[in-house]
Every structure is written in C-alpha cells, then in structure tokens.
Amino acid sequence: MAAPTSTLAEVLVPWFRAQARDLPWRRPGTTAWGVLVSEIMLQQTPVARVEEPWRAWLERWPRPSAMAAAPAADVLRAWGKLGYPRRALRLHAAAQAIAAEHGDIVPADVETLEALPGIGTYTARAVAAFAHGRRVPVVDTNVRRVVARAVHGRAEAGAAATRDLADVDALLPVDETDAATMSAALMELGATVCIARGPRCADCPVLDRCAWQRLGRPAWDGPVRRAQTWAGTDRQVRGRLLDVLRGAPGPVAAEALDAAWRTDAAQRSRCLDSLLVDGLVEQLADGRFALPGEAGDVG
DNA sequence: GAATCGTGGGA
DNA sequence: TTCCCAAGATT
C-alpha cells in the first residue's frame, strides 16, 4: 500500500464541499447570530431536532438585541423541549451582553466569545471559524473521535484533553477559509461516517490513511464510561416541573406542580428549589410559581 | 477530573 | 424493552 501523499485536508475539504448535508445554518446569508444560536442548540442535541426550532428562533429574533428584549419566559417557551433549558437562559444572557456591550454584533474573537454565558471552548471556536472565518481549531466530540481513529489509531477518543486543540490545529490548512471548511469537514465525517457505533468505514474518504484501520481496528481498551441513568433522576423531575410551567399560560399554583411528580415529594421539592436557584423558575409573592419574567416582574 | 444538567430517537 | 447517545458548559 502506497502511503498517500496528500494531506487529510486535501481530501476532506473537497469531500465536504461535495457531500455536506444541507443544514439551514450552513446556507449562504446565515448571520453570525444564526450560527451562534445553532451552536448553542446543537450542544448535546441531535441535528434533526434543532432544525425547526432554529428557523423559528431566527425569524422571531433575527438579532441579539431582539432576543435580549424578550422576557425569559418567552425564551424558555420558544426553547420548548430541546432539553437542557439552562442553555436558553444563558443564550438570553449572552444576547443581552452582545446587545449592550458589543453593539449587537456577535464577536469574532475567541476570548471575547468565551467570556459570554454558555459559550465554552468548543462554541467560541465554532463561531469564530464558521461565522467569521477565523483559522482556529474547532474540537467537538465528532472531531475528537475522528482524530482518535484516523490519527491515533484508537477506537474512541476518551476524555477530552487540552492536547486535542493542538492535534486538530496541526491538521488545519494555512488558508483561513479552507481551515474553517476543514473543521466543518471533520465534524461532518464524525457525524455521518465515522460515527460512535457502527462506523461506516466503507464510505470513508480517508480510509486509506486511517491509523485505526491500518492497525486492524483494535477495540477500545480505555475506561468505559458508565451508562447514564434516567428514570427517577432529578433531571427527569426537573423536566416534568418545567414542562408544566411551559405548558401553562401563566403562573401556576403549587398543587399543579405537585401533580407533576407524586412519586417522591421530597425529591420534587428539592428539584423545584434547584430550578429556582438556576433561575429557571420563580416564585411570586402570592406563592404561585412561574417562568422567569412571566409576571412582568423585571429583575 | 467527575458529576450534573433534558429529551427523544434508533439499534 | 433497554441501552446508547447527540455540534458542551459549568461547578
């Protein structure tokens, strides 16, 4: 087998340009704000579930300042059942910061982006690269898996490490636009071909230079992360409670929340408290509960 | 570094 | 049915 002489990017960039899924936030004319919203929505949430809410979101709040002016309750209802509703609250806060401190312009600088609520290592670089064309490594779970296999010959990526950024930076072309496309291509490959379980190696454009393939696709010998439990967890209870409030037209009595989880009153109470602490719920003077800002009580 | 934080679809 | 997991951030 002759060693390939082209770089990974020289294969993946054209592959991406030919094969990339037509996702709404990738279309020409998408604003940096649209990219930012998509990245927040896509955190731990499948693409298929994000497409419609994203469209509706951008139509309703086409600029950060528009969303910034909305009550948090509206934001949480628009977020709907995307999951992890604290993301919605943080996006709200980020929009307010962008409107107030950055002239309603989504920053292009990684450090400035990382200073915004809910924007961490990945999202800051994704916005810098995909919305502003900056040449920065964008490392998500897909990219780490692709690099683990193609470069390091390991079946899984294992825990995230600081080193990941440098690994990916080394794969990026010098050209800014190509670099951003390369990052998108690595993510796309990980999302559609080099997937977690049952990778479709027969469809892989870089199969002939994949270290994992070359080694005979050895099994993962690192630590196995324990399966996430769900039934009966605080997360489930919090979800139920918030679902009641989202579905109600306004504030609700405590009894309405009691009905959402009768299995364990102490757990229900603890979860309601945590929602209050998180700012996802607030209690009115009359004792009822509501989504934040719903009763017109600003700040 | 590990735990926590929603939701729903596919194998 | 049960289990896995999907473009992370925060503490």
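Each chain gets a letter, A, B and so on, in the order its sequence line appears, and its residues count up from 1.
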N/O donor-acceptor pairs under 3.5 Å from side chains in residues 111-118 of chain A, not counting sequence neighbours:
residue: A/Thr112; atom: OG1; partner: A/Asp109; partner atom: OD2; Å: 2.9
residue: A/Glu114; atom: OE2; partner: A/Arg125; partner atom: NH1; Å: 3.1

Please tabulate, for the side chains in residues 44-51 of chain A, all donor-acceptor contacts under 3.5 angstrom to protein atoms that are two or more places apart in sequence or on a different chain.
residue: A/Thr45; atom: OG1; partner: A/Met41; partner atom: O; Å: 3.4
residue: A/Thr45; atom: OG1; partner: A/Gln43; partner atom: O; Å: 3.2
residue: A/Thr45; atom: OG1; partner: A/Arg87; partner atom: NH1; Å: 3.2
residue: A/Thr45; atom: OG1; partner: A/Arg87; partner atom: NH2; Å: 3.0

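Between the CG atom of A/Leu89 and the P atom of B/dG6 there is a distance of 11 Å, rounded to whole Å. The CD-P distance, from A/Gln267 to B/dT4, rounds to 13 Å in whole Å. Here the P atom of nucleotide B/dG1 and the CZ atom of A/Arg163 are 15 Å apart, to the nearest Å.
Within residues 238-253 of chain A, the residues that have a heavy atom under 4.0 Å from DNA chain B are, in order of number, A/Arg238, A/Gly239, A/Arg246. Contacts between residues 257-265 of chain A and DNA chain B, defined by a heavy-atom separation under 4.0 Å, are absent.
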The test is side chain to side chain contact (heavy atoms under 4.5 Å, CB included); show your working for A/Val281 and A/Leu257 and say whether it passes.
CA-CA 12 Å; A/Val281 176; A/Leu257 295 178; 5.7 Å; no

Between A/Asp169 and A/Arg135, is a salt bridge (Lys or Arg N to Asp or Glu O under 4.0 Å) present by the stated rule, with each step listed?
CA-CA 9 Å; A/Asp169 189 72; A/Arg135 186 189 179 285; 3.4 Å; yes

Apply side chain to side chain contact (heavy atoms under 4.5 Å, CB included) to the pair A/Asp164 and A/Val147, showing each step before the final yes or no.
CA-CA 9 Å; A/Asp164 297 340; A/Val147 171; over 6 Å; no

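Inspection of the A/Arg21 and A/Thr192 side chains reveals no N or O donor paired with an N or O acceptor under 3.5 Å.
Scored by the ring pair (Phe, Tyr, Trp, His ring centres under 6.0 Å) test, A/Trp79 finds A/Trp57 as partners (sequence neighbours excluded).
Residue-level contact check: A/Ile40 touches neither bases nor backbone, having no heavy atom under 4.0 Å from any strand.
In this structure, A/Lys81 does not reach the B/dG6 phosphate: none of its side-chain N or O atoms is under 4.0 Å from OP1 or OP2.
For the P atoms, the distance from B/dT4 to C/dA7 is 23 Å, rounded to whole Å.
Between the A/Gln267 side chain and the A/Gly232 main chain, a donor and an acceptor come within less than 3.5 Å of each other. A distance-only check finds a donor-acceptor pair linking the side chain of A/Arg145 to the backbone of A/Cys194 [under 3.5 Å].
Between A/Ala160 and A/Gln236, the one whose closest nucleotide on DNA chain B sits nearer the 5' end is A/Ala160.
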Sugar-phosphate or base contact per nucleotide [nucleotides 5-11 of chain C; S, B, -; heavy atom under 4.0 Å]:
BBBBSS-

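Under the 4.0 Å criterion applied to side-chain N and carboxylate O atoms, A/Asp243 and A/Arg246 are assigned as salt-bridge partners. Remark: A/Asp178 engages A/Arg17 in a salt bridge, criterion side-chain N to carboxylate O under 4.0 Å.
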